[in-house]
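This report concerns only the one structure given below.
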Amino acid sequence: MRAVHFGAGNIGRGFVGLLLHEGGYEVVFADVNAELIDAIAAADSYTVHEVGDGAKDTVVTGFRAVNSATDEEALVQEIATADVVTTAVGPTILRFVAPVIARGIAARPADAAPLAVMACENAINATDLLATEVRQAVGDEAWASLSTRAVFANTAVDRIVPGQPAGQGIDVTVETFYEWAIETPAFNGSLPSIPGAHFVEELAPYIERKLFTVNTGHASVAYFGARAGIGTIAEALAEPSIAVAVGAVLEETSALLVAKHGLDVDAQREYRETILRRFANVHLPDTVERVGRQPLRKLSRTERFIGPAAELAERGMAHDALVSAIGAALEFDVADDEQSVHLQAKLHELAPGTFVEEVTGLAPEHPLAPAVLAQVVARQASLA
Ligand SMILES: NC(=O)C1=CN([C@@H]2O[C@H](COP(=O)(O)OP(=O)(O)OC[C@H]3O[C@@H](n4cnc5c(N)ncnc54)[C@H](O)[C@@H]3O)[C@@H](O)[C@H]2O)C=CC1
Ligand SMILES: O=P(O)(O)OC[C@H]1O[C@](O)(CO)[C@@H](O)[C@@H]1O
């Protein structure tokens with residue numbers, strides 16, 4: 001069995017590639033980073049080092065590497081004969097990998113089993129987004145045939161894989177916890193062999209629970225921490241006022257998840273406590289800059305802050321703590337994060353109402369809009 005995995009970065013090597021390897025796949029890593037691809041191609045194995053309670057090391061072998069920027073033909077052939085294609089490139093990059101995935105599917109033998117395609121990104125229904133990009137790349141007529149030759153299944157992936165320290169080659173340091181939920185109906189009974197994954201009938205509760213608890217909480221620690229001038233996630237969460245603020249954010253998103261998906265209150269509280277312990281892992285060298293990265297994406301309409309806060313406001317439920325976290329996100333000012341630079345430029349250039357509509361996608365009449373507008377006005381006043 002063979003899997004082609006786009007994005008040989010932190011989650012690609014430290015999680016998706018590892019679980020595919022453990023499922024018996026030969027993994028072909030595809031990436032545009034030539035230095036990384038050369039290093040993977042030159043290696044016979046790499047080690048995934050877990051840190052924290054119960055940590056173990058796992059050696060990954062049986063992989064190859066293709067430079068997707070310079071060797072598209074080779075990649076088309078790999079996809080044409082693969083069983084699985086996964087991505088962990090970032091949701092905004094999916095449109096760039098879609099055309100080659102389309103070419104690979106089109107090149108599959110007529111009698112080949114459908115290719116399993118799964119986007120492993122922090123976004124709701126990321127695989128649907130990838131399928132839409134593939135469809136746009138080929139047009140509706142070609143899509144009618146391509147779509148019968150591949151199965152597009154949504155997934156939710158959860159493992160904290162921080163930026164990796166220099167000098168450890170392609171080895172990856174990760175936390176011990178992981179969860180990969182894969183939605184089953186699209187497979188029509190022929191599930192891919194990934195023993196480490198959790199196959200579920202309906203992904204919506206899993207992805208929303210994950211995005212609005214793990215990712216909302218993590219990003220809140222990052223933005224409150226950055227505001228306080230703290231460098232790492234563990235140090236930020238050790239600051240009592242930040243722990244209280246993040247706890248309040250997670251109380252709000254948990255209330256939404258319980259109301260919307262009928263989650264058990266006690267189970268959700270335990271889930272929250274587990275993730276706060278994960279964030280507090282002092283062995284994980286994770287920074288507020290990495291976890292807060294790309295704030296424009298994180299402040300967009302269906303993402304981890306505006307998404308739950310908007311639904312809470314629509315239901316008349318408390319959302320003040322989320323609004324405070326949105327206020328902290330507006331202060332995220334990191335020179336080498338392109339989206340952070342754009343965010344600060346927009347705060348300087350746009351009228352508050354225009355900023356709210358453009359960045360958060362909230363219409364002025366939305367019940368959440370006035371509270372977010374007030375945060376924008378306050379931030380702009382502090383910049384004046
Ligand atoms: N790191 C983490 O803890 C987690 C990350 N994720 C998600 O996984 C995705 C990747 O995140 P990370 O691994 O942290 O980022 P990363 O930056 O370590 O890895 C992304 C990789 O994608 C490559 N890439 C960029 N454009 C490409 C293209 N056009 N074709 C092929 N490869 C391309 C980059 O060169 C890089 O190696 C994101 O969607 C993130 O939200 C999800 C759960 C956990
Ligand atoms: O690109 P994003 O959305 O920041 O993804 C990385 C996030 O996902 C997580 O792995 C949680 O699953 C965190 O490490 C991190 O906050």
Side-chain angles (χ1 to χ4, degrees), residues 4-19 28-40 65-72 75 79 85-101 118-124 126-127 129-130 133 155-164 170 172-175 177-181 206-207 209-223 225 233-234 236-237 274-275 278-279 281 284-300 303-305 329 332 337 339-340:
V4 174
H5 175 79
F6 285 83
N10 296 328
I11 206 79
R13 302 199 308 288
F15 182 38
V16 181
L18 167 68
L19 264 64
V28 178
F29 288 105
D31 203 293
V32 292
N33 179 333
E35 199 182 329
L36 175 60
I37 283 298
D38 290 348
I40 295 173
V66 174
N67 186 324
S68 52
T70 59
D71 210 354
E72 182 163 322
L75 198 48
I79 295 169
V85 164
T86 48
T87 73
V89 290
T92 55
I93 305 292
L94 291 174
R95 67 195 167 100
F96 300 113
V97 303
V100 70
I101 293 176
M118 294 172 283
C120 305
E121 318 286 352
N122 275 341
I124 290 179
T127 310
L129 176 61
L130 176 59
E133 297 292 355
T155 83
V157 287
D158 189 9
R159 169 168 250 185
I160 299 175
V161 190
Q164 300 300 308
I170 61 168
V172 202
T173 299
V174 304
E175 66 168 335
F177 180 96
Y178 66 82
E179 189 172 79
W180 184 0
Y206 288 89
I207 187 83
R209 184 190 64 155
K210 192 262 167 171
L211 197 65
F212 297 165
T213 315
V214 182
N215 294 110
T216 308
H218 217 183
S220 298
V221 179
Y223 294 135
I233 291 293
L237 197 55
T274 302
I275 65 142
R278 292 169 59 199
F279 298 164
N281 185 345
L284 215 49
D286 212 359
T287 63
V288 299
E289 292 193 1
R290 180 193 84 86
V291 177
R293 69 184 174 187
Q294 300 185 334
L296 288 174
R297 166 167 63 93
K298 290 181 172 135
L299 286 169
S300 64
E303 260 279 350
R304 61 205 74 183
F305 292 110
F332 192 67
D337 183 316
Q339 286 197 11
S340 163

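Whatever order the structure lists ligands and atoms in, that order sets their numbers, starting from 1.
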(message) I need the Ile93 CD1 to Glu121 CD distance, nearest 0.5 Å.
(response) 9.0 Å
(request) Please identify which atoms of ligand 1 are closer than 4.0 Å to at least one heavy atom of Ile160. (result) 3 (O)
(message) Could you identify the single nearest non-hydrogen protein atom to atom 39 (O) of ligand 1 and state the distance to 0.1 Å?
(response) Glu121 OE1, 2.5 Å
(message) Counting only heavy atoms closer than 4.0 Å, does ligand 2 sit against the backbone of Glu121, its side chain, both, or neither?
(response) neither
(request) Compare all side-chain heavy atoms of Val89 with those of Phe96 and state whether any distance is below 4.5 angstrom. (result) no
(message) Any heavy-atom pair between the side chains of Arg13 and Leu36 that's under 4.5 Å?
(response) yes
(message) Assess the residue pair Leu130 and Val97 against the criterion (side chain to side chain contact (heavy atoms under 4.5 Å, CB included)); give the C-alpha distance rounded to whole Å, side-chain angles, the decisive distance to 0.1 Å, and a yes or no.
(response) CA-CA 9 Å; Leu130 176 59; Val97 303; 4.2 Å; yes
(message) Would you call the rings of Tyr178 and Phe15 parallel, tilted or perpendicular, taking 30° and 60° as the class edges?
(response) tilted
(request) Starting from atom 7 (C) of ligand 1, locate the nearest protein heavy atom and write down its residue, its atom name and how far away it is, to 0.1 Å. (result) Asn122 N, 3.9 Å
(request) Kindly say whether Ala119 contributes a backbone atom to a donor-acceptor pair with the side chain of Thr127 at under 3.5 angstrom? (result) yes
(request) Supply the atom-to-atom distance Asp337 CG to Gln294 CD, rounded to the nearest 0.5 angstrom. (result) 6.5 Å
(request) Calculate, to the nearest 0.5 Å, the distance between atoms CD1 and CG belonging to Ile207 and Leu211 respectively. (result) 6.0 Å
(request) Identify, for atom 18 (O) of ligand 1, the protein heavy atom at the shortest distance, and state residue, atom and that distance. (result) Asn10 N, 2.9 Å
(message) Is there a side-chain contact between Arg304 and Arg297 in this structure, where contact means two heavy atoms from C-beta onward sitting under 4.5 Å apart?
(response) yes
(request) Mark up the atoms of ligand 2 that fall under 4.0 Å of a heavy atom belonging to Ile160, in ascending order. (result) 10 (O), 14 (O)
(request) Heavy atoms only: give me the nearest Ile160-Glu175 pair and the separation to one decimal. (result) N-OE2, 2.6 Å
(request) Counting heavy atoms only, name the option from Ala88, Ala123, Ala34 that's nearest to atom 20 (C) of ligand 1. (result) Ala88
(request) Could you find the nearest protein heavy atom to atom 11 (O) of ligand 1 and give me its residue, atom name and distance? (result) Arg293 NH2, 3.5 Å
(message) For the CG atom of Leu129 and the OG1 atom of Thr92, what is their distance to the nearest 0.5 Å?
(response) 9.5 Å
(message) Please identify which of these residues, His218, Lys210, Glu303, Lys298, meets the side-chain hydrogen bond (donor to acceptor under 3.5 Å, both in side chains) condition with Asn122.
(response) Lys210
(message) If I apply the N/O under 3.5 Å rule, does Arg290 come out as touching ligand 1?
(response) yes
(request) Enumerate the atoms of ligand 1 whose separation from the nearest heavy atom of Leu36 is less than 4.0 angstrom. (result) 37 (O)
(message) So, regarding Lys210 and ligand 1 (criterion: nitrogen or oxygen to nitrogen or oxygen, under 3.5 Å), is there a contact or not?
(response) no
(request) Return the residue, atom name and 0.1 Å-rounded distance of the protein heavy atom closest to atom 11 (C) of ligand 2. (result) Asn215 ND2, 3.4 Å
(request) State the CD1-CG distance between Ile275 and Asp158, to the nearest 0.5 angstrom. (result) 8.5 Å
(request) Quick one: look up the protein heavy atom nearest atom 1 (O) of ligand 2 and list residue, atom name and how far away it is. (result) Arg297 NH2, 2.7 Å
(request) Could you see which bit of Val97 sits under 4.0 Å from ligand 1, with heavy atoms only: side chain, backbone, both or neither? (result) side chain
(request) Identify the protein heavy atom lying closest to atom 22 (O) of ligand 1, giving its residue, its atom name and the separation to 0.1 Å. (result) Gly7 CA, 3.5 Å
(message) Taking atom CZ as the centre, does Arg95 end up with more than 12 heavy-atom neighbours from other residues, nucleotides or ligands that are less than 6.0 angstrom away?
(response) no
(request) Select the closest option to atom 13 (C) of ligand 2 among Lys210, His218, Glu175, Arg159, judged by heavy-atom distance. (result) His218
(request) Indicate the ring-plane relationship of Tyr223 and Phe305, choosing parallel, tilted or perpendicular according to the 30° and 60° boundaries. (result) tilted
(message) Once rounded to the nearest 0.5 Å, what's the spacing between atom CG of Asn67 and atom CD1 of Ile40?
(response) 10.5 Å
(request) Name the closest protein heavy atom to atom 3 (O) of ligand 2, giving the residue it belongs to and the distance to 0.1 Å. (result) Arg304 NH2, 2.8 Å
(request) Would you mind listing which atoms of ligand 2 come within a distance below 4.0 Å of any non-hydrogen atom of Val291? (result) 16 (O)
(message) Counting only heavy atoms, tell me which of Asn122, Ile11, Val157 gets closest to atom 7 (C) of ligand 2.
(response) Asn122
(request) Look at atom 24 (N) of ligand 1 and find which of Val161, Val100, Val32, Ile11 reaches it with the closest heavy atom. (result) Val32
(request) Around atom 31 (C) of ligand 1, find the nearest protein heavy atom and jot down its residue, atom name and distance. (result) Ser68 OG, 3.6 Å
(request) Could you find the nearest protein heavy atom to atom 37 (O) of ligand 1 and give me its residue, atom name and distance? (result) Asp31 OD2, 2.7 Å
(request) Answer yes or no: does an N/O atom from Ile93 fall short of 3.5 Å to an N/O atom of ligand 1? (result) no
(message) Can you confirm whether Trp180 sits close enough to Thr86 that some side-chain heavy atom of one is under 4.5 Å from a side-chain heavy atom of the other?
(response) yes
(request) Look at atom 14 (O) of ligand 2 and find which of Arg290, Lys298, Arg293 reaches it with the closest heavy atom. (result) Arg290
(message) To check your reading of the model: name the closest protein heavy atom to atom 19 (O) of ligand 1, its residue, and the distance in Å.
(response) Gly9 CA, 3.4 Å
(request) Could you tell me whether Asp286 approaches ligand 2 through its side chain, its backbone, both or neither, with non-hydrogen atoms closer than 4.0 Å? (result) neither
(request) May I ask you to identify, for Cys120, whether its side chain, its backbone, both or neither come under 4.0 Å of ligand 1 on a heavy-atom basis? (result) backbone
(request) Please confirm whether Ala69 comes under 4.0 Å of ligand 1, counting heavy atoms of the residue only. (result) no
(request) Give the numbers and elements of all ligand 1 atoms closer than 4.0 Å to a heavy atom of Val157. (result) 42 (C), 43 (C)
(request) Using a strict 4.0 Å cut-off to heavy atoms of Asp158, name the atoms of ligand 2 that fall inside it. (result) 11 (C), 12 (O)
(request) Under 4.0 Å, heavy atoms only, figure out whether ligand 2 is touched by the backbone of Val214, its side chain, both or neither. (result) side chain
(message) If you compare all heavy atoms of Pro162 against all heavy atoms of Pro285, which two are closest, and at what distance to 0.1 Å?
(response) CB-O, 3.7 Å
